[in-house]
Engineer: 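The structure's right below; bear with me while I get my questions together.
For the single chain, residues carry numbers from 1 onward in sequence order.
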Amino acid sequence: MDKKLLIASNNVNKIKEIAEILKAHGIDRELLTPKMLNDHSEVIEDGFTFKDNAYLKAKHYHDLYHIPTLSDDSGILIDYFLSLPGVHSARFAEDYDYPMKNAMIMNMMKYVNNRNASYQCDICYIDEDVRFYEGFIHGEIARSAKGEHGFGYDPIFYLPSMGMTLAEVKPEDKNTISHRYNALIRWVHDLEK
Ligand code: IMP
């Protein structure tokens, strides 16, 4: 096994997807998470951009443990909401669960024709230096929530080219097309240089 890699996240869905993408690309690192290190510290994600927040998270854990660290800051950008919730995706309508949040978004967009939306993912990797990678997936806000896979906004993120939502796409397929995959694959290619 190659060297350790600390995933700077406590989001189990993200961690699972990152682990699967890295495995599929032969990255044989021992993956650690803050939870595995019994770390309960909190990162204040008050950056203005995904890149800012990715850096805040990676730096926080790298400063603490001096282990090569990879963070993911991501979110959904909805055209009709002028790219919001964007960096605030995790905190949007915080008191509600995702089925409620998704229903709210679809309700607010009931009479809206421009349904374009994207997911964005910014990765920050800190080892000997600091590196950034970005990935996107483009789609639309669905008119009804569908699918059981994925997490968060996936049931209302419709992919016209596939005729289904991201929550209907099998996890192994999501991990070959997602914003997270598109960012991580850039890191993987950089490692191979
Ligand atoms: P972060 O942990 O601050 O980067 O927030 C990420 C948030 O963006 C998640 O909690 C979700 O709301 C949303 N998000 C990011 N990636 C995905 C995805 O792949 N599927 C669904 N929601 C996502």
Engineer: Let's go through I76 and Y153 carefully: what are the C-alpha distance in whole Å and the side-chain angles of both, what is the deciding distance for side-chain contact (heavy atoms from CB on, under 4.5 Å) to 0.1 Å, and is it a yes or a no?
Structural biologist: CA-CA 8 Å; I76 191 168; Y153 302 98; 3.8 Å; yes
Engineer: Are I21 and V188 grouped together when hydrophobic residues (ILVMFWY) are joined by side-chain heavy atoms under 4.5 angstrom apart?
Structural biologist: yes
Engineer: Backbone N or O of V87 within a donor-acceptor pair of the R91 side chain at under 3.5 Å?
Structural biologist: yes
Engineer: Which pair of heavy atoms, one from S89 and one from G75, lies closest together, and at what distance?
Structural biologist: OG-CA, 3.3 Å
Engineer: Before you tell me yes or no, could you show the steps for I156 and K146 under side-chain contact (heavy atoms from CB on, under 4.5 Å), namely the whole-Å CA-CA distance, both residues' side-chain angles and the distance that decides it to 0.1 Å?
Structural biologist: CA-CA 7 Å; I156 61 162; K146 283 193 188 130; over 6 Å; no
Engineer: Heavy-atom distance under 4.5 Å between the side chains of I18 and L184, does that happen here?
Structural biologist: yes
Engineer: Do you know the tightest heavy-atom contact between G86 and F50?
Structural biologist: C-CZ, 3.5 Å
Engineer: Less than 4.5 Å apart, any side-chain heavy atom of L70 and any of C124?
Structural biologist: no
Engineer: Could you check whether Y119 and F157 have their ring centres less than 6.0 Å apart?
Structural biologist: yes
Engineer: For a side-chain contact (heavy atoms from CB on, under 4.5 Å) check, start with the C-alpha distance between T165 and D154, then their side-chain angles and the critical distance, and finish with the verdict.
Structural biologist: CA-CA 7 Å; T165 70; D154 288 351; over 6 Å; no
Engineer: Any sub-3.5 Å donor-acceptor pair from T176's side-chain atoms to D173's backbone N or O?
Structural biologist: yes
Engineer: Can any side-chain N or O of R115 pair as donor or acceptor with the backbone N or O of I141 at less than 3.5 Å?
Structural biologist: yes
Engineer: Under a 4.0 Å N-O cut-off, is there an ion pair linking K14 with D72?
Structural biologist: yes
Engineer: If we ignore angles and hydrogens, is there a donor and acceptor under 3.5 Å between the side chains of D122 and Y133?
Structural biologist: no
Engineer: Looking only at heavy atoms, what is the nearest atom pair of D190 and R131, with distance?
Structural biologist: OD2-NH1, 3.0 Å
Engineer: Report yes or no: does T69 contribute a side-chain atom to a donor-acceptor pair with the main-chain N or O of Y61 at less than 3.5 Å?
Structural biologist: no
Engineer: What is the ring orientation for H66 with H62, classed by angle as parallel under 30°, tilted 30 to 60°, or perpendicular over 60°?
Structural biologist: perpendicular
Engineer: Any side-chain heavy atom of F136 within less than 4.5 Å of one from N182?
Structural biologist: no
Engineer: Are any of the side-chain heavy atoms of S71 and H60 separated by less than 4.5 Å?
Structural biologist: no
Engineer: Atom NZ of K57 and atom CD1 of I44: how far apart are they, to the nearest 0.5 Å?
Structural biologist: 12.5 Å
Engineer: Atom CZ of R143 and atom NZ of K110: how far apart are they, to the nearest 0.5 Å?
Structural biologist: 10.5 Å
Engineer: Could you check whether any side-chain N or O of N53 sits under 3.5 Å from a backbone N or O of G47, counting only pairs where one atom can act as donor and the other as acceptor?
Structural biologist: yes
Engineer: Provide the closest heavy-atom pair for G139 versus P160 in the form atom of the first, atom of the second, distance.
Structural biologist: CA-CD, 4.3 Å
Engineer: Check whether D52 reaches the backbone of T49 with its side chain - one donor and one acceptor, N or O, closer than 3.5 Å.
Structural biologist: yes
Engineer: Should L159 and M164 count as side-chain neighbours, where that means a heavy-atom distance under 4.5 Å?
Structural biologist: no
Engineer: Give the intermediate values and the outcome of salt bridge (Lys or Arg N to Asp or Glu O under 4.0 Å) for residues K51 and D73.
Structural biologist: CA-CA 7 Å; K51 189 175 171 184; D73 199 68; over 6 Å; no
Engineer: Looking at NZ of K16 and OG of S9, how far apart are the two atoms once the value is rounded to the nearest 0.5 Å?
Structural biologist: 14.0 Å
Engineer: For the hydrophobic clusters of this structure (ILVMFWY residues joined by side-chain heavy atoms under 4.5 Å, transitively), does one cluster hold both I7 and L37?
Structural biologist: no
Engineer: Please tell me whether S41 and D39 have a donor and an acceptor in their side chains that are separated by less than 3.5 angstrom.
Structural biologist: yes
Engineer: Would you say that P68 contacts I126 through its side chain, given a criterion of any heavy-atom pair below 4.5 Å between the two side chains?
Structural biologist: no
Engineer: Between atom CG of L22 and atom CD of E17, what is the distance when rounded to the nearest 0.5 Å?
Structural biologist: 11.5 Å
Engineer: Give a yes or no on whether Y96 atom OH has more than 12 heavy-atom contacts from other residues, nucleotides or ligands under 6.0 Å away.
Structural biologist: no
Engineer: Start with the C-alpha gap between I27 and L191, add the side-chain angles, then the distance that decides, and say whether side-chain contact (heavy atoms from CB on, under 4.5 Å) holds.
Structural biologist: CA-CA 9 Å; I27 304 296; L191 279 185; 3.9 Å; yes
Engineer: Starting at NE2 of H179, measure out to NZ of K174 and round the result to the nearest 0.5 Å.
Structural biologist: 6.0 Å
Engineer: Stepwise, does the salt bridge (Lys or Arg N to Asp or Glu O under 4.0 Å) test hold for D127 with K3?
Structural biologist: CA-CA 11 Å; D127 188 1; K3 57 185 181 181; 2.7 Å; yes
Engineer: Inspect the surroundings of CD in E148 and state if more than 12 heavy atoms from other residues, nucleotides or ligands are less than 6.0 Å away.
Structural biologist: no
Engineer: Between R180 (side chain only) and S74 (backbone N and O only), is there a donor and an acceptor less than 3.5 Å apart?
Structural biologist: no
Engineer: Closer than 3.5 angstrom, by distance alone: can the side chain of N13 be matched with the main-chain N or O of F151 as a donor-acceptor pair?
Structural biologist: no
Engineer: Using modelled atom types and a 3.5 Å cut-off, is there a donor and acceptor pairing between side-chain atoms of K4 and backbone atoms of L31?
Structural biologist: no
Engineer: Calculate, to the nearest 0.5 Å, the distance between atoms CD and NZ belonging to E172 and K170 respectively.
Structural biologist: 5.0 Å
Engineer: In terms of hydrophobic clustering (I, L, V, M, F, W, Y; side-chain heavy atoms under 4.5 Å; direct or indirect links), are I185 and L5 co-clustered?
Structural biologist: yes
Engineer: Looking at side-chain heavy atoms only, is the closest gap between H149 and E168 below 4.5 Å?
Structural biologist: no
Engineer: Is there a chain of hydrophobic side chains (I, L, V, M, F, W, Y, each step under 4.5 Å between heavy atoms) that links I67 to W187?
Structural biologist: no
Engineer: Ignoring hydrogens, what is the shortest heavy-atom contact between Y158 and G163? Give both atom names and the distance.
Structural biologist: OH-CA, 3.4 Å
Engineer: May I ask whether I137 and Y80 are part of the same hydrophobic cluster, defined by side-chain heavy atoms of I, L, V, M, F, W, Y residues being less than 4.5 angstrom apart, directly or through others?
Structural biologist: yes
Engineer: Hey, does the side chain of D79 reach the backbone of F81 with a donor-acceptor pair shorter than 3.5 angstrom?
Structural biologist: no
Engineer: What are the two closest heavy atoms between N175 and E20, and how far apart are they?
Structural biologist: ND2-OE1, 3.1 Å
